[in-house]
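Naming convention: chains lettered A, B, ... in sequence-line order (proteins, then strands); numbering from 1 in each chain.
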There are 2 protein chains.
Amino acid sequence: MNARKTVTIEDVALAAGVSRQTVSRVINRGPNVKPAVRERIDAAIERLGYVPNLSARRMGGGKSFMILAINDRQRTLENWEAGRGNDWVDQMLFGGMTECEKHGYHLVFELIDAGADDAPRQLSRVIASLRPDGVVLTPPHSDDQALVSLLDERGIACARIGQREPSGHLDIFMDERGAAMEATRHLVELGHRRLTFIAGSPGYGNSRRRVEGFQSATRAAGISKDGATVLDGDFHFSTTAAVLEPLLKSRVRPTAIIADNDEMAFATLHVADRCGIEVPRGLSVISFEDTPGVRFSVPPLTAIRQPTARMIACACEKLIESASGKRAAGSFEIPHELIMRATTGPPPR
Amino acid sequence: MNARKTVTIEDVALAAGVSRQTVSRVINRGPNVKPAVRERIDAAIERLGYVPNLSARRMGGGKSFMILAINDRQRTLENWEAGRGNDWVDQMLFGGMTECEKHGYHLVFELIDAGADDAPRQLSRVIASLRPDGVVLTPPHSDDQALVSLLDERGIACARIGQREPSGHLDIFMDERGAAMEATRHLVELGHRRLTFIAGSPGYGNSRRRVEGFQSATRAAGISKDGATVLDGDFHFSTTAAVLEPLLKSRVRPTAIIADNDEMAFATLHVADRCGIEVPRGLSVISFEDTPGVRFSVPPLTAIRQPTARMIACACEKLIESASGKRAAGSFEIPHELIMRATTGPPPR
DNA sequence: TTTAGGATTGTGAGCGTTCACAAAAATGTG
DNA sequence: CACATTTTTGTGAACGCTCACAATCCTAAA
């Protein structure tokens, strides 16, 4: 009942009649071990229930078998505290953890204040303490050159999510522009000729790229400037509702709206309802986020689904690869998806 | 540009003109260090930007500065893969990570197959590898005696979430029964006399406790058996909708429904709509989960909000305390909340 | 002044791995 | 069969910290 003595590599070595180094080779799938010996060692490991101690591994060799995922403290806490939840983080955990698990890795989350003067210091502390094999940077950290340089300097591989300019690092992103074009095209094909895009924040790179996609697709469809308007929201419900109400009440209102996130899409649904406009009969709506609650809106929202989980999984995979020698670099575009639910249809005549 | 040499405790010792042990004492807030010396060391730490290496600390002493949070693999993956998200996990991360951060700890998530024969083996592997200072067990793992014993044997403190029988461990829970009573009372006070509780799964302890609360509250209000029915759902939309439709179409249908989770509450809203019953005019609905999407249902759901984040934060806090010597035991009830939104009102006449 | 006793500081050892290299065994070559 | 190669295995040392204990410094009582 008293704490059993820990099984160490030495115990296994003894049991298998070899040296610790040979056992180490087996654990690390190293070459140059006779099949017979390998088998004997595997058996001993199994029998003794040996599991390598991560801290010791980290001390001895270089690897920590740990990937660090960094999020913006302010945005993350805001979401949580407002009861809005954090589907983004949830997705990250899903993609990251399941991928890490496959390789015997662990995922650790940390928050860092984006843009703060001491952001590099904060990151520096975390990596000095944890010494992860790789770091996943999410927006807006992905764009922070100071952080990237710091990681470079320390020789820690990093993956940048949502960063599409090739940078000699790992850049993993979805095609925001293309997704906006796809959503727009879907609407155009349905017959819409007066569309509005409600942008989140002009300062937010992805918003910009989506607006571009929207404009480019409408232009390609031969829709005039007046038929393709862009409204500035701020990602939130009430502001969006306020901005939207006059628009939907005007005589030449749009017949389709693309919202930069779910909350603004919900606001759209809400305002439409108040204005007596039926969705999708009188107005089509597409959102650009697809959080889980979306399925239960009335009607369920058609939305572009961001492949967050897959992006993080990809990041982890590449980072883990790079920890075993390969140079970590390259651009990876992860496919998005337009999930058709019930808020799009042909425009009213 | 080439990887800077790591700053170790030895460097600090040298810079401050003391031995490593004295620096160690300062880091660990140990007693018996002259204020002047302490200051000198603190200054050196600051100047050199020293951050202790976690792995080395773990190797040297006992502590790993790491808390492990365990979830059920199947349920968790199911939620994720179905695109349902995992608000529970999200909340855990919020509560756990922010609390851990306060104490210089880190939170690591792992999945384990609940009920599987080798669940203890799975857990055993993770703790042998990570050697966390404490483990947070969530339902249904909280009830798994095999896991708890294993942890005991290994001398690792554990906190059980949702486990209310005092067990000599850390038991952290909310008052499910009381919450159900509160929801029921709210409805009764509004004037309802025909209520239905849609239970998730009879095998699920919390479902049982809620049903109890529901029945006890209706009984206390002098409502007959017929006026307080319990329906078995399975936590999912379609099944619930199917079960509910005949009920809501019957002549003596309930005027209020309490659903064991949001999805079933949404199903209720959906069926009500199809039956031409207006909510809350013709039917009141309360949910027992309160995921973020709930705010955007039409109408927004009134719900019992589970204090998941606070439960996990409490668990982490106590576990961390126990890592610094204190014995980890005790029962902690975390208060829940009935969030009033727009799905409850007086019954139709 | 001496000295016990507490407060403060330092020293060697050890935690469980992997690394770099040395040794031994197996294999091939002429 | 002797030798050069290659494959396989083993041996210190090191990683950065804390532990247990030893050494030193003070303080104050005798």
Side-chain angles (χ1 to χ4, degrees), chain A residues 3 5-41 44-45 48-66 104 127-131 133 155 323-325, chain B residues 3-41 44-45 48-66 104 127-131 133 323-325:
Chain A
K5 167 108 179 45
T6 314
V7 180
T8 76
I9 198 172
E10 209 76 48
D11 300 323
V12 177
L14 199 66
V18 295
S19 72
R20 36 180 169 64
Q21 183 56 33
T22 306
V23 178
S24 176
R25 283 194 188 95
V26 171
I27 300 169
N28 295 295
R29 308 220 164 73
N32 301 342
V33 180
K34 269 201 198 155
V37 176
R38 189 182 294 269
E39 253 171 59
R40 196 144 39 91
I41 294 176
I45 289 178
L48 270 52
Y50 167 70
V51 181
N53 176 324
L54 222 54
S55 301
R57 284 182 106 171
R58 163 71 233 181
M59 286 302 291
K63 302 209 285 184
S64 66
F65 299 91
M66 201 150 269
I127 60 177
S129 148
L130 242 32
R131 316 212 139 246
D133 292 346
S324 1
Chain B
R4 284 188 342 192
K5 169 109 176 46
T6 313
V7 180
T8 76
I9 199 172
E10 209 77 48
D11 300 325
V12 176
L14 199 66
V18 295
S19 73
R20 38 182 167 63
Q21 182 57 31
T22 305
V23 178
S24 175
R25 283 194 188 94
V26 170
I27 299 170
N28 294 295
R29 307 222 164 71
N32 301 342
V33 180
K34 271 200 199 155
V37 176
R38 190 181 294 267
E39 255 170 58
R40 196 144 39 92
I41 294 176
I45 289 178
L48 295 163
Y50 168 68
V51 181
N53 176 324
L54 223 54
S55 300
R57 284 181 107 173
R58 164 70 232 182
M59 286 302 290
K63 302 209 285 185
S64 66
F65 299 91
M66 201 150 267
I127 60 179
S129 148
L130 241 32
R131 315 212 141 246
D133 292 346
S324 3

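- Listed here is the closest heavy atom pair of B/Ser55 and A/Arg58: OG-CG, 2.9 Å.
- In this structure A/Arg57 satisfies the salt bridge (charged side-chain N to carboxylate O under 4.0 Å, His left out) test with no other residue, sequence neighbours excluded.
- Rounded to whole Å, the distance from CZ on B/Arg131 to C1' on C/dC15 is 11 Å.
- Contact between the side-chain N/O atoms of B/Asn53 and the OP1/OP2 oxygens of D/dC15 is not found at any separation under 4.0 Å.
- Nearest approach of B/Val23 to B/Ala13, heavy atoms of both residues: CG2-CA, 3.7 Å.
- The interatomic distance linking A/Met59 (CE) with D/dC17 (P) rounds to 8 Å, in whole Å.
- One can place CG of A/Leu48 at 15 Å from C1' of C/dG16, the figure rounded to the nearest angstrom.
- Of the candidates A/Ile9, A/Val7, A/Leu14, A/Val7 is the only one forming a side-chain contact (heavy atoms from CB on, under 4.5 Å) with A/Asp11.
- Of all the heavy atoms in B/Met59 and A/Met59, the pair that sits closest is CG-CG, 3.5 Å.
- Heavy atoms only, all atoms of each residue included: B/Asp133 and B/Ala323 are closest at CB-CB, 4.0 Å.
- What separates CZ of B/Arg58 from C1' of D/dC15 is a distance of 16 Å, to the nearest Å.
- Closest approach of B/Ile27 to B/Tyr50, counting heavy atoms only: CD1-CE2, 3.5 Å.
- The stretch residues 9-22 of chain B touches DNA chain D through B/Ile9, B/Arg20, B/Gln21, each having a heavy atom under 4.0 angstrom from the strand.
- By the ring-ring contact (aromatic ring centres under 6.0 Å, His included) test, B/Phe65 is found to be paired with B/Tyr105, residues two or more places apart in sequence or in another chain being considered.
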Please tabulate, one pair per line, each protein N/O and nucleotide N/O from nucleotides 5-8 of chain D that are separated by under 3.5 Å, including the distance.
| from | atom 1 | to | atom 2 | distance (Å) |
| --- | --- | --- | --- | --- |
| D/dT8 | OP2 | A/Asn32 | OD1 | 3.0 |

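- With sequence neighbours left out, B/Glu10 forms a salt bridge (charged side-chain N to carboxylate O under 4.0 Å, His left out) with B/Arg20.
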Pairs: protein N or O with nucleotides 22-24 of chain D N or O, under 3.5 Å:
none

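- Between the two ends of the helix from C/dT1-D/dA30 to C/dG30-D/dC1, each summarised by a five-pair axis, the helix axis turns through 40° (rounded to 10 degrees).
- Remark: P of D/dC17 and CD1 of B/Ile41 are 13 Å apart, rounded to the nearest angstrom.
- B/Met66 meets the side-chain contact (heavy atoms from CB on, under 4.5 Å) test with A/Met66, A/Leu130, B/Leu54, B/Ser64, B/His106, B/Val108, B/Leu130; sequence neighbours excluded.
- For the side chain to side chain donor-acceptor pair (under 3.5 Å) test, residues two or more places apart in sequence or in another chain that qualify with A/Ser24 are A/Asn28.
- The side-chain contact (heavy atoms from CB on, under 4.5 Å) search around B/Ala44 returns B/Val12, B/Ala15, B/Ala16, B/Arg47, not counting sequence neighbours.
- Whole-Å rounding puts the B/Arg57 CZ to C/dG14 C1' distance at 18 Å.
- Between the side chain of A/Arg25 and the main chain of A/Arg29, no donor-acceptor pair closer than 3.5 Å is present.
- Residues passing the side-chain contact (heavy atoms from CB on, under 4.5 Å) test with A/Val37 are A/Val18, A/Thr22, A/Val33, A/Lys34, A/Arg40, A/Ile41, sequence neighbours excluded.
- Within 4.0 Å (heavy atoms only), B/Gly60 reaches at least one base atom of the nucleic acid.
- In this structure, A/Tyr50 reaches the sugar-phosphate backbone alone: every heavy-atom distance under 4.0 Å involves primed, P, OP1 or OP2 atoms, never a base.
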